[in-house]
Amino acid sequence: MNILLLGSGGREHALAWKLAQSPRCDTLYAAPGNPGIADHATLAALDLTDHGAVTAFCEVQRIGLIVIGPEAPLVDGLADSLRAAGFAVFGPSRAAAQLEGSKGFTKDLCARAEIPTAAYARAGSLGAAQAALGSFGLPVVIKADGLAAGKGVVIAATRAEAEAALAEMFAGQFGTASAEVVIEEFLEGEEVSFFALTDGSTIVPFGSAQDHKRVGDGDTGPNTGGMGAYSPARVFTPELEGEAIARIVAPTVRAMKDAGMPYSGVIYAGLILTREGPKLIEYNARFGDPECQVLMLRLESDLVELLDACAGNRLASAEPPRFSPDAALTVVMAAAGYPGAPASGMPIAGIAAAEADGAKVFHAGTALAQGALVSSGGRVLGVTARGGDVRAAQAAAYTALGRIDAPGLFCRRDIGEREVARETARSAAAQ
Ligand code: AMP
Ligand code: GLY
(Lines give C-alpha, C1' and ligand atoms only; values in the text may rest on other atoms or scores of the structure.)
(Ligands and ions follow the chains in the order given, each with its own letter.)
Protein backbone atom coordinates (compact mmCIF):
# COMPACT_ATOMS: atom_id res chain seq x y z
CA MET A 1 0.00 0.00 0.00
CA ASN A 2 0.97 3.63 -0.32
CA ILE A 3 1.69 5.38 2.96
CA LEU A 4 1.81 9.06 3.88
CA LEU A 5 3.93 10.06 6.87
CA LEU A 6 3.37 13.55 8.28
CA GLY A 7 6.06 15.52 10.10
CA SER A 8 9.67 16.57 9.60
CA GLY A 9 11.71 15.75 12.70
CA GLY A 10 14.07 13.05 13.92
CA ARG A 11 11.10 10.99 15.11
CA GLU A 12 9.66 11.04 11.59
CA HIS A 13 13.01 10.11 10.01
CA ALA A 14 13.14 7.05 12.28
CA LEU A 15 9.53 6.16 11.38
CA ALA A 16 10.23 6.64 7.65
CA TRP A 17 13.33 4.43 7.85
CA LYS A 18 11.33 1.66 9.48
CA LEU A 19 8.13 2.02 7.40
CA ALA A 20 10.15 1.88 4.18
CA GLN A 21 11.62 -1.51 5.22
CA SER A 22 8.18 -3.13 5.26
CA PRO A 23 7.29 -5.45 2.37
CA ARG A 24 3.78 -4.00 2.67
CA CYS A 25 4.96 -0.50 1.79
CA ASP A 26 4.73 0.38 -1.91
CA THR A 27 5.36 4.13 -2.15
CA LEU A 28 6.13 6.05 1.01
CA TYR A 29 5.32 9.76 0.86
CA ALA A 30 6.31 12.23 3.55
CA ALA A 31 5.17 15.78 4.16
CA PRO A 32 6.87 18.07 4.69
CA GLY A 33 9.79 15.71 5.52
CA ASN A 34 13.49 16.57 5.63
CA PRO A 35 16.61 15.61 3.62
CA GLY A 36 17.11 12.43 5.69
CA ILE A 37 13.51 11.34 5.22
CA ALA A 38 13.98 11.94 1.48
CA ASP A 39 16.31 8.89 1.43
CA HIS A 40 13.29 6.68 2.12
CA ALA A 41 10.27 8.65 0.91
CA THR A 42 8.97 10.94 -1.81
CA LEU A 43 8.55 14.35 -0.23
CA ALA A 44 5.38 16.38 -0.72
CA ALA A 45 5.12 20.06 0.12
CA LEU A 46 1.85 19.91 2.06
CA ASP A 47 0.62 22.43 4.61
CA LEU A 48 -0.59 20.21 7.48
CA THR A 49 -3.04 22.88 8.67
CA ASP A 50 -4.80 22.68 5.28
CA HIS A 51 -6.87 19.54 5.87
CA GLY A 52 -8.48 19.79 2.45
CA ALA A 53 -5.10 19.77 0.71
CA VAL A 54 -3.87 16.76 2.72
CA THR A 55 -7.12 14.87 1.98
CA ALA A 56 -6.89 15.69 -1.74
CA PHE A 57 -3.29 14.45 -1.83
CA CYS A 58 -4.35 11.15 -0.21
CA GLU A 59 -7.08 10.71 -2.78
CA VAL A 60 -4.79 11.37 -5.74
CA GLN A 61 -1.96 9.15 -4.45
CA ARG A 62 -4.37 6.40 -3.26
CA ILE A 63 -2.93 6.42 0.25
CA GLY A 64 -3.77 3.30 2.30
CA LEU A 65 -2.39 4.50 5.63
CA ILE A 66 -1.57 7.92 7.05
CA VAL A 67 0.86 8.15 9.97
CA ILE A 68 0.75 11.42 11.90
CA GLY A 69 4.05 12.07 13.71
CA PRO A 70 3.76 15.32 15.70
CA GLU A 71 1.17 16.51 18.23
CA ALA A 72 0.10 19.79 16.62
CA PRO A 73 -1.87 18.27 13.68
CA LEU A 74 -3.44 15.73 16.06
CA VAL A 75 -4.64 18.41 18.48
CA ASP A 76 -5.81 20.33 15.39
CA GLY A 77 -8.07 17.41 14.33
CA LEU A 78 -6.27 16.31 11.17
CA ALA A 79 -6.96 12.64 11.99
CA ASP A 80 -10.71 13.43 12.21
CA SER A 81 -10.71 15.17 8.81
CA LEU A 82 -8.88 12.26 7.15
CA ARG A 83 -11.04 9.60 8.80
CA ALA A 84 -14.17 11.49 7.74
CA ALA A 85 -12.90 11.20 4.16
CA GLY A 86 -12.58 7.42 4.61
CA PHE A 87 -8.82 7.06 5.18
CA ALA A 88 -7.05 4.78 7.67
CA VAL A 89 -5.10 6.97 10.09
CA PHE A 90 -2.54 6.14 12.75
CA GLY A 91 -3.05 8.82 15.41
CA PRO A 92 -5.77 9.94 17.80
CA SER A 93 -8.75 12.20 17.10
CA ARG A 94 -8.82 15.81 18.25
CA ALA A 95 -10.93 14.83 21.26
CA ALA A 96 -8.60 11.97 22.24
CA ALA A 97 -5.46 14.09 21.69
CA GLN A 98 -6.63 16.26 24.58
CA LEU A 99 -4.66 13.78 26.69
CA GLU A 100 -1.64 15.75 25.45
CA GLY A 101 -3.31 19.00 24.42
CA SER A 102 -4.82 19.86 27.80
CA LYS A 103 -3.01 19.02 31.02
CA GLY A 104 -6.14 19.95 33.00
CA PHE A 105 -8.23 17.48 30.96
CA THR A 106 -5.79 14.69 31.76
CA LYS A 107 -5.58 15.56 35.45
CA ASP A 108 -9.37 15.52 35.78
CA LEU A 109 -9.52 12.17 33.98
CA CYS A 110 -6.87 10.77 36.36
CA ALA A 111 -8.86 12.01 39.35
CA ARG A 112 -12.07 10.38 38.10
CA ALA A 113 -10.40 7.07 37.22
CA GLU A 114 -8.18 7.05 40.35
CA ILE A 115 -4.99 6.95 38.28
CA PRO A 116 -1.83 7.57 40.34
CA THR A 117 -0.51 11.03 39.51
CA ALA A 118 0.74 14.19 41.27
CA ALA A 119 -1.80 16.11 43.39
CA TYR A 120 -2.96 19.17 41.44
CA ALA A 121 -5.10 22.25 41.16
CA ARG A 122 -6.38 23.95 37.97
CA ALA A 123 -6.64 27.71 37.88
CA GLY A 124 -8.06 30.05 35.27
CA SER A 125 -6.86 33.33 36.79
CA LEU A 126 -3.80 34.64 38.59
CA GLY A 127 -5.81 35.23 41.76
CA ALA A 128 -7.15 31.67 41.83
CA ALA A 129 -3.67 30.29 41.12
CA GLN A 130 -2.08 32.32 43.92
CA ALA A 131 -4.75 31.13 46.32
CA ALA A 132 -4.23 27.49 45.29
CA LEU A 133 -0.45 27.72 45.61
CA GLY A 134 -0.74 27.87 49.41
CA SER A 135 -1.79 24.21 49.64
CA PHE A 136 1.37 22.92 47.91
CA GLY A 137 4.81 22.28 49.41
CA LEU A 138 8.11 23.08 47.70
CA PRO A 139 9.37 22.54 45.08
CA VAL A 140 6.12 23.00 43.21
CA VAL A 141 5.44 22.47 39.50
CA ILE A 142 3.64 25.11 37.40
CA LYS A 143 2.37 24.08 33.95
CA ALA A 144 0.65 25.94 31.15
CA ASP A 145 -2.52 23.97 30.33
CA GLY A 146 -2.04 23.79 26.55
CA LEU A 147 0.73 22.93 24.09
CA ALA A 148 3.89 24.99 24.66
CA ALA A 149 6.51 22.98 22.75
CA GLY A 150 7.86 21.45 25.95
CA LYS A 151 8.60 24.85 27.47
CA GLY A 152 5.43 25.36 29.51
CA VAL A 153 6.67 23.64 32.70
CA VAL A 154 8.43 25.40 35.57
CA ILE A 155 9.75 23.55 38.61
CA ALA A 156 9.80 26.31 41.22
CA ALA A 157 12.12 25.87 44.20
CA THR A 158 10.70 28.86 46.06
CA ARG A 159 7.32 30.50 46.50
CA ALA A 160 8.67 33.62 44.74
CA GLU A 161 9.71 31.61 41.68
CA ALA A 162 6.28 29.99 41.55
CA GLU A 163 4.57 33.40 41.81
CA ALA A 164 6.79 34.77 39.02
CA ALA A 165 6.01 31.81 36.72
CA LEU A 166 2.28 32.22 37.33
CA ALA A 167 2.44 35.96 36.65
CA GLU A 168 4.28 35.40 33.36
CA MET A 169 1.90 32.67 32.22
CA PHE A 170 -1.21 34.70 32.99
CA ALA A 171 0.39 37.70 31.24
CA GLY A 172 0.21 35.60 28.05
CA GLN A 173 3.67 33.98 27.90
CA PHE A 174 2.28 31.04 25.92
CA GLY A 175 -0.78 32.78 24.47
CA THR A 176 -3.99 30.83 24.98
CA ALA A 177 -1.97 27.78 26.10
CA SER A 178 -1.33 29.54 29.42
CA ALA A 179 -4.77 31.13 29.86
CA GLU A 180 -5.23 28.27 32.32
CA VAL A 181 -2.54 26.64 34.47
CA VAL A 182 -2.10 23.44 36.43
CA ILE A 183 -0.23 23.54 39.73
CA GLU A 184 1.24 20.20 40.74
CA GLU A 185 2.91 18.43 43.59
CA PHE A 186 6.58 17.68 42.76
CA LEU A 187 7.15 13.94 42.39
CA GLU A 188 10.48 12.45 43.36
CA GLY A 189 11.95 9.53 41.47
CA GLU A 190 13.39 8.46 38.17
CA GLU A 191 11.58 9.44 34.99
CA VAL A 192 10.67 6.86 32.33
CA SER A 193 8.96 7.13 28.95
CA PHE A 194 6.59 4.21 28.40
CA PHE A 195 4.89 3.57 25.06
CA ALA A 196 1.84 1.49 24.20
CA LEU A 197 -0.12 1.02 21.00
CA THR A 198 -3.88 1.00 21.31
CA ASP A 199 -6.83 0.92 18.95
CA GLY A 200 -9.17 2.12 21.65
CA SER A 201 -9.73 -1.31 23.19
CA THR A 202 -6.64 -3.50 22.93
CA ILE A 203 -3.41 -2.25 24.52
CA VAL A 204 0.00 -3.54 23.44
CA PRO A 205 3.15 -2.41 25.27
CA PHE A 206 5.61 -0.85 22.84
CA GLY A 207 8.80 -0.38 24.80
CA SER A 208 10.38 2.00 27.27
CA ALA A 209 13.14 4.60 27.13
CA GLN A 210 14.81 7.26 29.20
CA ASP A 211 15.15 10.73 27.77
CA HIS A 212 17.65 13.44 28.82
CA LYS A 213 15.62 16.65 28.89
CA ARG A 214 18.12 19.21 30.21
CA VAL A 215 20.48 20.81 27.73
CA GLY A 216 23.69 20.30 29.73
CA ASP A 217 25.79 17.40 31.03
CA GLY A 218 24.76 16.18 34.48
CA ASP A 219 21.15 17.32 33.85
CA THR A 220 21.92 21.02 34.09
CA GLY A 221 20.54 24.05 32.24
CA PRO A 222 17.13 24.62 30.68
CA ASN A 223 14.71 21.93 29.51
CA THR A 224 14.77 20.91 25.84
CA GLY A 225 12.70 18.59 23.68
CA GLY A 226 15.28 15.90 24.56
CA MET A 227 19.05 15.73 24.08
CA GLY A 228 19.38 11.96 23.90
CA ALA A 229 17.73 8.72 24.95
CA TYR A 230 18.31 5.05 25.42
CA SER A 231 16.06 2.00 25.37
CA PRO A 232 15.08 -0.17 27.12
CA ALA A 233 14.82 1.55 30.50
CA ARG A 234 15.86 -1.34 32.73
CA VAL A 235 14.75 0.49 35.89
CA PHE A 236 11.27 0.02 34.46
CA THR A 237 11.09 -3.69 35.28
CA PRO A 238 8.43 -6.01 33.83
CA GLU A 239 6.64 -5.76 37.22
CA LEU A 240 6.57 -1.97 37.03
CA GLU A 241 5.41 -2.13 33.42
CA GLY A 242 2.56 -4.42 34.44
CA GLU A 243 1.62 -2.02 37.21
CA ALA A 244 1.75 0.98 34.85
CA ILE A 245 -0.55 -0.75 32.38
CA ALA A 246 -3.00 -1.95 35.01
CA ARG A 247 -3.18 1.25 37.07
CA ILE A 248 -2.46 3.98 34.52
CA VAL A 249 -2.74 3.14 30.80
CA ALA A 250 -5.63 0.64 30.85
CA PRO A 251 -7.92 2.81 33.02
CA THR A 252 -7.13 5.77 30.76
CA VAL A 253 -7.98 3.91 27.56
CA ARG A 254 -11.17 2.63 29.19
CA ALA A 255 -12.16 6.08 30.44
CA MET A 256 -11.59 7.59 26.99
CA LYS A 257 -13.75 4.92 25.37
CA ASP A 258 -16.49 5.36 27.98
CA ALA A 259 -16.41 9.13 27.40
CA GLY A 260 -17.12 8.57 23.69
CA MET A 261 -13.63 9.60 22.56
CA PRO A 262 -11.78 6.34 21.99
CA TYR A 263 -8.01 6.79 21.85
CA SER A 264 -6.29 5.20 18.86
CA GLY A 265 -2.57 5.46 18.14
CA VAL A 266 0.48 5.42 20.37
CA ILE A 267 0.01 6.54 23.93
CA TYR A 268 3.20 7.83 25.53
CA ALA A 269 3.09 7.91 29.31
CA GLY A 270 5.69 10.08 31.04
CA LEU A 271 6.09 8.34 34.39
CA ILE A 272 7.97 8.98 37.59
CA LEU A 273 8.96 5.85 39.48
CA THR A 274 8.16 6.99 43.00
CA ARG A 275 8.52 5.02 46.20
CA GLU A 276 4.80 4.28 45.96
CA GLY A 277 5.09 2.96 42.39
CA PRO A 278 4.83 4.55 38.94
CA LYS A 279 2.90 7.82 38.77
CA LEU A 280 1.83 9.66 35.63
CA ILE A 281 3.28 13.11 35.00
CA GLU A 282 1.96 13.56 31.50
CA TYR A 283 0.60 11.88 28.42
CA ASN A 284 1.69 12.52 24.87
CA ALA A 285 -0.46 11.55 21.91
CA ARG A 286 2.52 10.57 19.72
CA PHE A 287 5.93 8.92 19.85
CA GLY A 288 8.64 10.68 21.84
CA ASP A 289 11.43 12.47 20.05
CA PRO A 290 14.22 11.22 20.45
CA GLU A 291 12.72 8.11 22.14
CA CYS A 292 11.23 6.96 18.81
CA GLN A 293 14.71 6.81 17.29
CA VAL A 294 15.91 4.22 19.84
CA LEU A 295 12.66 2.24 19.73
CA MET A 296 12.86 1.95 15.92
CA LEU A 297 16.45 0.74 16.09
CA ARG A 298 15.34 -2.10 18.40
CA LEU A 299 12.04 -2.96 16.70
CA GLU A 300 12.20 -6.24 14.81
CA SER A 301 8.54 -6.42 13.76
CA ASP A 302 6.98 -4.91 10.67
CA LEU A 303 5.97 -1.36 11.67
CA VAL A 304 3.41 -1.07 8.86
CA GLU A 305 1.57 -4.18 10.14
CA LEU A 306 1.36 -2.76 13.64
CA LEU A 307 0.33 0.79 12.77
CA ASP A 308 -2.17 -0.45 10.20
CA ALA A 309 -3.68 -2.86 12.76
CA CYS A 310 -4.02 0.08 15.16
CA ALA A 311 -5.67 2.26 12.52
CA GLY A 312 -8.04 -0.55 11.52
CA ASN A 313 -9.04 -1.57 15.09
CA ARG A 314 -7.41 -4.96 14.56
CA LEU A 315 -4.70 -4.80 17.21
CA ALA A 316 -6.13 -7.80 19.11
CA SER A 317 -5.36 -10.10 16.17
CA ALA A 318 -2.00 -8.57 15.22
CA GLU A 319 1.24 -10.29 16.12
CA PRO A 320 2.68 -8.54 19.19
CA PRO A 321 5.72 -6.33 18.55
CA ARG A 322 9.12 -7.92 18.96
CA PHE A 323 12.08 -5.84 20.15
CA SER A 324 15.72 -6.84 20.13
CA PRO A 325 17.10 -7.43 23.63
CA ASP A 326 19.93 -5.12 22.57
CA ALA A 327 20.14 -1.59 23.91
CA ALA A 328 19.94 1.41 21.59
CA LEU A 329 21.15 4.90 22.38
CA THR A 330 20.81 8.18 20.54
CA VAL A 331 22.80 11.38 21.01
CA VAL A 332 21.23 14.58 19.72
CA MET A 333 23.47 17.11 18.00
CA ALA A 334 21.89 20.55 18.39
CA ALA A 335 22.70 23.93 16.90
CA ALA A 336 24.50 26.52 19.04
CA GLY A 337 21.90 28.57 20.90
CA TYR A 338 19.39 25.72 21.41
CA PRO A 339 16.99 25.65 23.27
CA GLY A 340 16.93 29.43 22.82
CA ALA A 341 17.35 30.82 19.31
CA PRO A 342 19.45 28.27 17.39
CA ALA A 343 21.87 29.38 14.70
CA SER A 344 20.87 27.97 11.29
CA GLY A 345 22.85 27.27 8.13
CA MET A 346 25.69 25.42 9.93
CA PRO A 347 27.44 23.02 7.52
CA ILE A 348 27.19 19.26 8.22
CA ALA A 349 29.51 16.61 6.77
CA GLY A 350 30.59 13.06 7.57
CA ILE A 351 27.23 11.29 7.93
CA ALA A 352 28.29 8.40 5.66
CA ALA A 353 31.46 7.91 7.72
CA ALA A 354 29.40 8.00 10.93
CA GLU A 355 27.16 5.24 9.56
CA ALA A 356 30.04 3.06 8.33
CA ASP A 357 29.99 0.77 11.38
CA GLY A 358 26.21 0.32 11.57
CA ALA A 359 25.16 3.48 13.43
CA LYS A 360 22.18 5.36 12.04
CA VAL A 361 22.08 9.15 11.82
CA PHE A 362 18.54 10.49 11.89
CA HIS A 363 17.95 13.97 10.55
CA ALA A 364 15.83 16.48 12.46
CA GLY A 365 16.49 20.15 11.66
CA THR A 366 18.45 19.78 8.43
CA ALA A 367 18.07 21.38 5.02
CA LEU A 368 19.87 21.49 1.69
CA ALA A 369 21.46 24.78 0.66
CA GLN A 370 22.84 24.66 -2.91
CA GLY A 371 23.09 20.90 -2.57
CA ALA A 372 25.01 21.00 0.73
CA LEU A 373 23.57 19.76 4.01
CA VAL A 374 23.15 22.47 6.66
CA SER A 375 21.33 22.89 9.96
CA SER A 376 17.87 24.46 9.95
CA GLY A 377 16.56 23.97 13.47
CA GLY A 378 17.42 23.46 17.14
CA ARG A 379 17.85 19.70 17.22
CA VAL A 380 19.70 18.80 14.04
CA LEU A 381 20.83 15.14 14.09
CA GLY A 382 20.29 12.05 16.24
CA VAL A 383 23.28 9.73 16.13
CA THR A 384 21.87 6.34 17.06
CA ALA A 385 23.53 2.98 17.66
CA ARG A 386 22.84 -0.47 19.11
CA GLY A 387 24.90 -2.65 21.42
CA GLY A 388 24.66 -5.61 23.76
CA ASP A 389 24.19 -3.20 26.65
CA VAL A 390 23.88 0.56 27.12
CA ARG A 391 27.64 0.92 27.54
CA ALA A 392 28.25 -0.70 24.14
CA ALA A 393 25.49 1.31 22.45
CA GLN A 394 26.85 4.49 24.03
CA ALA A 395 30.40 3.76 22.84
CA ALA A 396 29.17 3.04 19.30
CA ALA A 397 27.02 6.19 19.19
CA TYR A 398 29.81 8.49 20.39
CA THR A 399 32.35 6.87 18.03
CA ALA A 400 29.98 7.52 15.11
CA LEU A 401 29.32 11.05 16.34
CA GLY A 402 33.06 11.72 16.36
CA ARG A 403 33.09 11.22 12.59
CA ILE A 404 30.56 13.98 11.97
CA ASP A 405 32.11 17.25 10.96
CA ALA A 406 29.74 20.00 12.10
CA PRO A 407 31.52 22.64 14.17
CA GLY A 408 28.32 24.65 14.72
CA LEU A 409 26.64 21.79 16.58
CA PHE A 410 26.99 20.61 20.18
CA CYS A 411 25.86 17.54 22.13
CA ARG A 412 25.72 16.18 25.65
CA ARG A 413 28.62 13.88 26.48
CA ASP A 414 26.78 11.85 29.14
CA ILE A 415 23.79 10.27 27.40
CA GLY A 416 23.04 6.97 29.13
CA GLU A 417 25.63 7.56 31.85
CA ARG A 418 23.31 6.75 34.74
CA GLU A 419 22.45 3.37 33.24
CA VAL A 420 26.10 2.67 32.39
CA ALA A 421 26.92 3.25 36.08
CA ARG A 422 24.21 0.78 37.05
CA GLU A 423 25.54 -1.76 34.54
CA THR A 424 29.00 -1.36 36.04
CA ALA A 425 27.61 -1.86 39.55
CA ARG A 426 25.66 -4.94 38.41
CA SER A 427 28.67 -6.56 36.78
CA ALA A 428 30.85 -5.78 39.84
CA ALA A 429 28.20 -7.41 42.06
CA ALA A 430 28.13 -10.45 39.79
CA GLN A 431 31.93 -10.95 40.03
P1 AMP B 1 6.07 17.76 31.02
O2 AMP B 1 6.08 18.74 29.89
O3 AMP B 1 4.78 17.66 31.75
O4 AMP B 1 6.67 16.44 30.62
O5 AMP B 1 7.16 18.31 32.07
C6 AMP B 1 8.49 18.52 31.70
C7 AMP B 1 9.40 17.90 32.71
O8 AMP B 1 9.19 18.47 34.01
C9 AMP B 1 9.14 16.42 32.90
O10 AMP B 1 9.82 15.66 31.96
C11 AMP B 1 9.66 16.18 34.30
O12 AMP B 1 11.06 16.03 34.29
C13 AMP B 1 9.31 17.47 34.99
N14 AMP B 1 8.04 17.35 35.72
C15 AMP B 1 6.81 17.61 35.24
N16 AMP B 1 5.88 17.41 36.18
C17 AMP B 1 6.53 17.00 37.29
C18 AMP B 1 6.12 16.65 38.62
N19 AMP B 1 4.83 16.68 39.01
N20 AMP B 1 7.07 16.28 39.49
C21 AMP B 1 8.36 16.26 39.14
N22 AMP B 1 8.82 16.59 37.92
C23 AMP B 1 7.92 16.97 37.00
N1 GLY C 1 11.33 13.52 24.32
C2 GLY C 1 10.17 14.04 24.93
C3 GLY C 1 9.03 14.22 24.05
O4 GLY C 1 9.01 13.78 22.91
O5 GLY C 1 8.05 14.82 24.48
Side-chain angles (χ1 to χ4, degrees), residues 7 9-12 14-15 69-72 74-75 97 99-107 110 115-121 136-157 162 165 169 174 177-178 181-195 207-215 219-231 233 266-276 278-296 330-332 334 339 362 364 378-379 382 412 415 418:
R11 164 183 51 217
E12 286 78 22
L15 291 172
E71 62 276 21
L74 294 167
V75 171
L99 277 186
E100 172 161 6
S102 168
K103 294 187 190 290
F105 172 89
T106 299
K107 296 300 284 189
C110 288
I115 290 167
T117 184
Y120 76 108
F136 289 85
L138 289 170
V140 63
V141 186
I142 312 287
K143 299 183 175 182
D145 181 77
L147 292 185
K151 294 177 185 141
V153 176
V154 173
I155 296 172
M169 287 192 193
F174 301 107
S178 61
V181 304
V182 171
I183 304 175
E184 269 184 28
E185 162 203 15
F186 178 80
L187 295 178
E188 246 174 283
E190 216 166 309
E191 199 171 337
V192 166
S193 304
F194 172 51
F195 300 88
S208 65
Q210 281 195 299
D211 190 6
H212 296 59
K213 289 217 165 99
R214 303 295 198 96
V215 75
D219 293 328
T220 53
N223 256 325
T224 69
M227 293 298 292
Y230 66 88
S231 172
V266 58
I267 183 162
Y268 159 0
L271 303 174
I272 297 223
L273 307 181
T274 74
R275 260 180 297 186
E276 293 122 56
K279 291 193 184 180
L280 180 76
I281 46 167
E282 63 160 354
Y283 275 127
N284 293 304
R286 49 167 176 88
F287 284 110
D289 187 343
E291 292 99 320
C292 186
Q293 289 81 319
V294 284
L295 289 182
M296 290 307 119
T330 187
V331 182
V332 169
F362 293 117
R379 293 188 292 172
R412 275 181 64 162
I415 302 303
R418 209 155 26 157

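When reading the values below, keep in mind they use all heavy atoms of this one structure, side chains included, and skip hydrogens, waters and symmetry mates. For ligands, and for the atoms within them, numbers begin at 1 and follow the listed sequence.
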What distance do [X] atom [atom1] and [Y] atom [atom2] have between them, rounded to the nearest 0.5 Å?
X: M296; Y: E291; atom1: CE; atom2: CD; value: 11.5 Å
X: H212; Y: R418; atom1: NE2; atom2: CZ; value: 7.5 Å
X: I272; Y: F186; atom1: CD1; atom2: CZ; value: 6.5 Å
X: K107; Y: T117; atom1: NZ; atom2: OG1; value: 3.0 Å
X: F362; Y: L15; atom1: CZ; atom2: CG; value: 9.0 Å

*Does E188 approach ligand 1 within less than 4.0 angstrom via side chain, backbone, both or neither, non-hydrogen atoms only?*
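No part of E188 comes within reach of ligand 1.
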*Check I155 against ligand 1 and report side chain, backbone, both or neither, counting heavy atoms closer than 4.0 Å.*
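Side chain only.
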*Side chains of K143 and V181: does their closest heavy-atom pair fall under 4.5 Å?*
no
*With the side chain counted from C-beta on, respond yes when L74 and E100 share a heavy-atom pair under 4.5 Å apart, and no when they do not.*
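They are not in side-chain contact.
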*Who's closest to atom 6 (C) of ligand 1 heavy-atom-wise, of V153, V141, T117?*
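The option holding the nearest heavy atom is V153.
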*Would you tell me which option among E191, E282, K143 has the nearest heavy-atom contact to atom 16 (N) of ligand 1?*
K143
Identify all N/O pairs between ligand 2 and the protein with a separation under 3.5 Å and present them as a table of atom names and distances.
unit_1: ligand 2; atom_1: 1 (N); unit_2: D211; atom_2: OD2; d: 2.7
unit_1: ligand 2; atom_1: 1 (N); unit_2: G225; atom_2: O; d: 3.0
unit_1: ligand 2; atom_1: 1 (N); unit_2: D289; atom_2: O; d: 2.9
unit_1: ligand 2; atom_1: 1 (N); unit_2: E291; atom_2: OE1; d: 2.8
unit_1: ligand 2; atom_1: 4 (O); unit_2: R286; atom_2: NH1; d: 2.9
unit_1: ligand 2; atom_1: 4 (O); unit_2: D289; atom_2: N; d: 2.9
unit_1: ligand 2; atom_1: 5 (O); unit_2: R286; atom_2: NH1; d: 3.4
unit_1: ligand 2; atom_1: 5 (O); unit_2: R286; atom_2: NH2; d: 2.9

Atoms of ligand 1 close to [X] [distance to a heavy atom under 4.0 angstrom, numbered from 1]:
X: E185; result: 18 (C), 19 (N), 20 (N)
X: K103; result: 2 (O), 3 (O)
X: I281; result: 9 (C), 11 (C), 16 (N), 17 (C), 18 (C), 19 (N)
X: K213; result: 10 (O)

*Qualifying residue for side chain to side chain contact (heavy atoms under 4.5 Å, CB included) with T274, from K279, E188, E190*: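 Answer after filtering K279, E188, E190: K279.
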*What do you reckon, does L187 have a nitrogen or oxygen under 3.5 Å from a nitrogen or oxygen of ligand 1?*
yes
_Heteroatom proximity flag, N223 to ligand 1, N/O under 3.5 Å_ = no
_Determine whether a donor-acceptor pair (N or O, by modelled atom type, separation under 3.5 Å) exists between the side chain of R379 and the backbone of T224._
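Such a contact is absent between R379 side chain and T224 backbone.
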_Qualifying residues under side chain to side chain donor-acceptor pair (under 3.5 Å), relative to E191, sequence neighbours excluded_ = K213
